[in-house]
Every structure is written in C-alpha cells, then in structure tokens.
Asker: 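Shown below is the structure under consideration.
This chain uses plain numbering: 1 for the first residue, then up along the sequence.
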Amino acid sequence: MTQDASFSLLGLLMALWIAAGVADWWCHRRTHIEATSGLAESAFHWALFLQMGAAVLAALLLRPTAALVAFLLAMWALHEVATWLELRRVAPVRTITPLEQMVHSFMEILPLAGVMLLCQPALTAWLQAPDSERTLDWRWLPRETLPPWPVLAGYAVAIAVCNGGLLAEESWRCWRTARVGRRR
C-alpha cells in the first residue's frame, strides 16, 4: 500500500473517530451528565482526549518503528483502563444508553484499526526479511514524508473544534451546574 493510500485510510479512520467523539458528546448531553456524574466524568473525558491526542500526534509525525507501535499500543491500553475506571464510577449514577455503548465501541476499536493500518507496511517488511536481518527498531524517528500541511491543519482544526470544543462545552455545563448546586 502506498503512503498516500495509507494516509487516505488513516484520514477516513480519523474522520470516523472524530464523528464518534461528537456522537459521544451528544449522548452525554442527552443524559445530562452535568446533573449526575458531573465534573468527575468530564475530567475523565479530558484525560482520555489527551491520551489519544498524544498517540495521534506521534502516529502522524513518527515512522512506524517498534518504539512507535509499543507507544501506540500502550496509549490504547491506558485509554481502555481509564475508560473502564470511568464507567465503573459513572454507571451507578447515570444511564449509559445502548447507543452510547455502541459509540464507545467505535471509539475503542478505531484507534486499534489505525495502529494496525499504520504498522502493516513495517510488519510486512519485517516478516519478509531473512531471519538473520529481523531486528526490531526501537528508535524514535521522524517520518521522511509528513502528510501535507493542509491535511495536518485540517486534523488539528477538526479535533480542536469537534472534540476539544465540545469537551469544553461539557465541562462548562458541569462546572456551572456544580456551582449552582453549591449555592443552594
């Protein structure tokens, strides 16, 4: 698969993932997290967003070496653990609808699909190398060719507006509700 085709498929995964984040925000808004799990759940969402933001940035800027793959898989596993902790805390205090559960499924599997797509060329080359030349490269190396700057800027704007902006709105709702509740 060419690098352009790989970037196109990664772009599709990114668009689906961003859309899943928007759908998740909408589910949270519909179930009024500001009146149930509030700021604690919103803080979890920020932590999850930052974990995956670091992974996306690394995937876009670094070559798919063993070091990058290990980092991406570690960030995905950390994201899964944080999600599990969040759901343990949230499930007793608010309804998590079947739609929200399905949205979470997409938010969990799309990053893993991205890692597999990103690493497929490196894995294929490693498997085709003679046994004596099969070594894992644990270096952090910048990509020789980055996605075009308009594509990177588009990702940044889409993520900032569609995910970061909506998370900020959610946090604002939660903070405002918590503040009003303390005055009573």
Side-chain angles (χ1 to χ4, degrees), residues 10-62 68 70-115 118 140 146-147 149-184:
L10 286 171
L12 176 62
L13 283 176
M14 287 290 294
L16 291 171
W17 199 20
I18 291 167
V22 172
D24 195 43
W25 167 84
W26 181 78
C27 289
H28 298 159
R29 189 168 176 84
R30 256 184 74 217
T31 58
H32 304 283
I33 75 163
E34 68 273 10
T36 55
S37 52
L39 281 170
E41 183 175 2
S42 189
F44 265 110
H45 296 158
W46 280 107
L48 295 166
F49 177 69
L50 293 174
Q51 288 166 357
M52 289 294 96
V56 167
L57 195 58
L60 288 172
L61 301 178
L62 299 173
L68 177 63
F71 174 74
L72 295 177
L73 291 174
M75 293 306 287
W76 178 80
L78 181 62
H79 186 269
E80 291 302 296
V81 168
T83 299
W84 180 79
L85 291 170
E86 172 202 5
L87 290 172
R88 276 188 49 111
R89 185 179 197 297
V90 170
V93 297
R94 85 169 171 85
T95 301
I96 302 171
T97 65
L99 175 63
E100 184 177 350
Q101 291 174 32
M102 294 199 66
V103 168
H104 289 172
S105 296
F106 278 97
M107 293 175 74
E108 293 171 9
I109 201 66
L110 288 171
L112 201 52
V115 171
L118 183 74
W140 295 92
L146 293 174
W149 285 106
V151 171
L152 290 175
Y155 286 156
V157 169
I159 291 167
V161 172
C162 296
N163 299 124
L166 294 178
L167 276 175
E169 186 277 337
E170 174 183 279
S171 294
W172 171 249
R173 276 186 294 116
C174 293
W175 179 80
R176 191 179 62 214
T177 300
R179 198 179 94 209
V180 168
R182 277 184 289 210
R183 284 193 206 156
R184 291 183 182 166

Asker: Given side chains that start at C-beta, do those of Leu73 and Leu112 come closer than 4.5 Å, heavy atoms only?
Answerer: yes
Asker: If you measure from CG on Leu152 to CG on Leu61, what distance do you get to the nearest 0.5 Å?
Answerer: 7.0 Å
Asker: Show the nearest heavy-atom pair for residues Glu100 and Thr95, with the distance to one decimal.
Answerer: OE1-O, 4.2 Å
Asker: Restricting to non-hydrogen atoms, name the atom on Ser37 and the atom on Val93 that form the minimum distance, rounded to 0.1 Å.
Answerer: CB-CG2, 3.8 Å
Asker: Considering all heavy atoms of both residues, which atom of Leu118 and which atom of Ala59 are nearest to each other, and what is their separation?
Answerer: CD2-CB, 3.8 Å
Asker: Does anything in residues 41-53 pair up under salt bridge (charged side-chain N to carboxylate O under 4.0 Å, His left out), and if so which pairs, sequence neighbours excluded?
Answerer: Glu41-Arg94
Asker: Search all heavy atoms of Leu10 against all heavy atoms of Gly114 and return the closest pair with its distance.
Answerer: CD2-O, 3.8 Å
Asker: For Val151, enumerate each residue passing the side-chain contact (heavy atoms from CB on, under 4.5 Å) test, keeping only those at least two apart in sequence or located in another chain.
Answerer: Pro147, Pro148, Tyr155
Asker: What distance separates Ser105 OG from Leu110 CG, expressed to the nearest 0.5 Å?
Answerer: 10.0 Å
Asker: Would you mind reporting whether Leu146 and Leu60 have side-chain heavy atoms less than 4.5 Å apart?
Answerer: no
Asker: Can you name the ring-ring contact (aromatic ring centres under 6.0 Å, His included) partners of Phe71, sequence neighbours left out?
Answerer: Trp140
Asker: State which residues pass salt bridge (charged side-chain N to carboxylate O under 4.0 Å, His left out) with Glu170; sequence neighbours excluded, sorted by chain then number.
Answerer: none
Asker: Below 4.5 Å, heavy atoms only, C-beta onward: do Trp26 and Leu99 meet side chain to side chain?
Answerer: yes
Asker: Taking atom CD1 of Ile96 and atom CD of Gln101, what is their separation to the nearest 0.5 Å?
Answerer: 6.5 Å
Asker: Give the table of side-chain donor-acceptor pairs shorter than 3.5 Å for residues 74-92, with sequence neighbours excluded, one pair per line with atom names and distance.
Answerer:
residue: Trp76; atom: NE1; partner: Glu108; partner atom: O; Å: 2.9
residue: Thr83; atom: OG1; partner: His79; partner atom: O; Å: 2.8
residue: Glu86; atom: OE2; partner: His45; partner atom: NE2; Å: 2.7

Asker: Check the pair Thr31 / Thr36 against side chain to side chain contact (heavy atoms under 4.5 Å, CB included), numbers first and verdict last.
Answerer: CA-CA 9 Å; Thr31 58; Thr36 55; over 6 Å; no
Asker: Got a sec, which pairs hit side-chain hydrogen bond (donor to acceptor under 3.5 Å, both in side chains) with one end in residues 46-61, sequence neighbours left out?
Answerer: Trp46-Ser171
Asker: So, for Ala158 and Ile18, which heavy atoms are closest and what is the spacing to 0.1 Å?
Answerer: CB-CD1, 3.8 Å
Asker: Looking at residues at least two apart in the chain, or sitting in another chain, which of them share a side-chain contact (heavy atoms from CB on, under 4.5 Å) with Glu169?
Answerer: Trp25, Arg29, Arg173
Asker: Run the side chain to side chain donor-acceptor pair (under 3.5 Å) test against Asn163 and tell me which residues pass, sequence neighbours left out.
Answerer: none
Asker: Measure the spacing between CD1 of Ile109 and CG of Leu16 and express it to the nearest 0.5 Å.
Answerer: 13.0 Å
Asker: Of the non-hydrogen atoms in Phe106 and Ala20, which two are nearest, and what is the gap between them?
Answerer: CB-CB, 4.3 Å
Asker: Less than 4.5 Å apart, side chain to side chain, heavy atoms only: is that true for Met14 and Ile159?
Answerer: yes
Asker: Could you pull out all residues at least two apart from Arg30 that satisfy salt bridge (charged side-chain N to carboxylate O under 4.0 Å, His left out)?
Answerer: none
Asker: Only pairs at least two apart or in different chains count here, so list each salt bridge (charged side-chain N to carboxylate O under 4.0 Å, His left out) that has a residue in residues 155-166.
Answerer: none
